[in-house]
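Report on one structure; see the data block that follows.
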Protein chains: 2
Amino acid sequence: MKNPFDNLDKVLEHRVRLQIMSVLVTNDGYEFSSLKEILGVTDGNLASHIKALEREKYISVSKSFVDRKPNTKYKITERGRNAFKKHLDALEAVVKQQK
Amino acid sequence: MKNPFDNLDKVLEHRVRLQIMSVLVTNDGYEFSSLKEILGVTDGNLASHIKALEREKYISVSKSFVDRKPNTKYKITERGRNAFKKHLDALEAVVKQQK
DNA sequence: AAAAAGAACTTTGGGATGCAAAGTTAAGCA
DNA sequence: TGCTTAACTTTGCATCCCAAAGTTCTTTTT
């Protein structure tokens, strides 16, 4: 049996990024401002974590204007969904190992 | 209902330290050399992660000589056991949220 | 048309973290 | 007295993280 620790995803080992993915996996298209509110981080900080996820192609971006204001929405990609699932499975295995 | 992400433990968000705790929680008194072998890290790197756990008083150290060689054993503390459990519970809640 | 405002960034600066490799220490052996 | 080994400690460098400040783009106000 494989070591579940080997299946942890480096990028998703950070709380903020894990939480972003966790929101996006069940909400198809989530706004920057809402993410910021939920996570309680500064906008610059959030932008950098989002960028890290974009770099990995775990999420995609679409920009538009809503109510005359810029509105950015993020969606999880198939690749992101798989990575997230794999990471969660690894976490689950780690947890299970201890029970 | 509380946000499980808030219960994640900063110190245990690192793979190596999580794995050390995971070994120690079920093995009472584990050697430096065995840990090094299991984790596949350099000895200096391992020592620094161990130090981080010691700083938090999550583990304790006992040194002796076995077969005329230095032998260092680590044990999880009660505080460490609680922290580990809390962290795992948080992880479990995160996982469960998605299923 | 110029100024102001707001959302979403980007940059900056500084501190913490992570790592491998090299150096150190203590005990025992030759 | 050197040599070896385990277990560190130090060093040097790269990466990461964060808040705060600055920037861009579009729309609104004047």
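The figures here come from the full heavy-atom set of this structure, side chains too, leaving out hydrogens, waters and symmetry mates. Letters A, B, ... mirror the listed sequences (proteins, then strands); counts begin at 1. Treat the numbers as computed from the prediction; the structure is a model and nothing was measured.
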Which is true for [X] with a 4.0 Å heavy-atom rule: it touches a base, it touches only sugar-phosphate, or it touches nothing?
{"X": "A:Ser33", "value": "sugar-phosphate"}
{"X": "A:Lys36", "value": "nothing"}
{"X": "B:Arg15", "value": "nothing"}
{"X": "A:Lys51", "value": "sugar-phosphate"}

(request) Map A:Lys10 and A:Thr42 onto DNA chain D by nearest heavy atom, then report which one ends up closer to the 5' terminus. (result)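 The answer here is A:Lys10.
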(request) Between A:His14 and A:Lys69, just flag the one whose closest nucleotide in DNA chain D comes earlier from the 5' side. (result)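 In this pair, the answer is A:His14.
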(request) By nearest nucleotide on DNA chain C, pick out whichever of A:Ala47 and B:Ala52 is the more 5' one. (result)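 Of the two residues, A:Ala47 wins.
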Mind calculating the distance between [atom1] ([X]) and [atom2] ([N]) to the nearest angstrom?
{"X": "B:Asp43", "N": "C:dT25", "atom1": "CG", "atom2": "P", "answer": "16 Å"}
{"X": "A:Tyr30", "N": "C:dA8", "atom1": "OH", "atom2": "P", "answer": "13 Å"}
{"X": "B:Asn45", "N": "C:dC19", "atom1": "CG", "atom2": "C1'", "answer": "6 Å"}
{"X": "B:Leu35", "N": "D:dA6", "atom1": "CG", "atom2": "C1'", "answer": "14 Å"}
{"X": "A:Arg55", "N": "C:dC9", "atom1": "CZ", "atom2": "P", "answer": "14 Å"}
{"X": "A:Phe65", "N": "D:dT28", "atom1": "CZ", "atom2": "C1'", "answer": "12 Å"}
{"X": "A:Leu46", "N": "C:dT11", "atom1": "CG", "atom2": "P", "answer": "17 Å"}
{"X": "A:Phe32", "N": "C:dT10", "atom1": "CZ", "atom2": "C1'", "answer": "11 Å"}

Is the phosphate of [N] approached by [X] (side-chain N or O, under 4.0 Å from OP1 or OP2)?
{"X": "B:Tyr74", "N": "D:dA7", "value": "no"}
{"X": "A:His49", "N": "D:dC18", "value": "yes"}
{"X": "A:Arg17", "N": "D:dC17", "value": "yes"}
{"X": "B:Ser48", "N": "D:dT9", "value": "no"}

Less than 4.5 Å apart, side chain to side chain, heavy atoms only: is that true for [X] and [Y]?
{"X": "A:Gln97", "Y": "A:Pro4", "result": "yes"}
{"X": "A:Asn7", "Y": "A:Asp89", "result": "no"}
{"X": "A:Met21", "Y": "A:Arg17", "result": "no"}

(request) Consider only side-chain N and O atoms of A:Glu31 and A:Thr72, and report whether a donor and an acceptor are under 3.5 Å apart. (result)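 There is no such pair (donor and acceptor under 3.5 Å, judged by atom type) between the side chains of A:Glu31 and A:Thr72.
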(request) Check whether the side chains of A:Tyr58 and A:Asp9 place a donor and an acceptor atom closer than 3.5 Å, and report yes or no. (result)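 Side-chain D/A pair, A:Tyr58 to A:Asp9: present.
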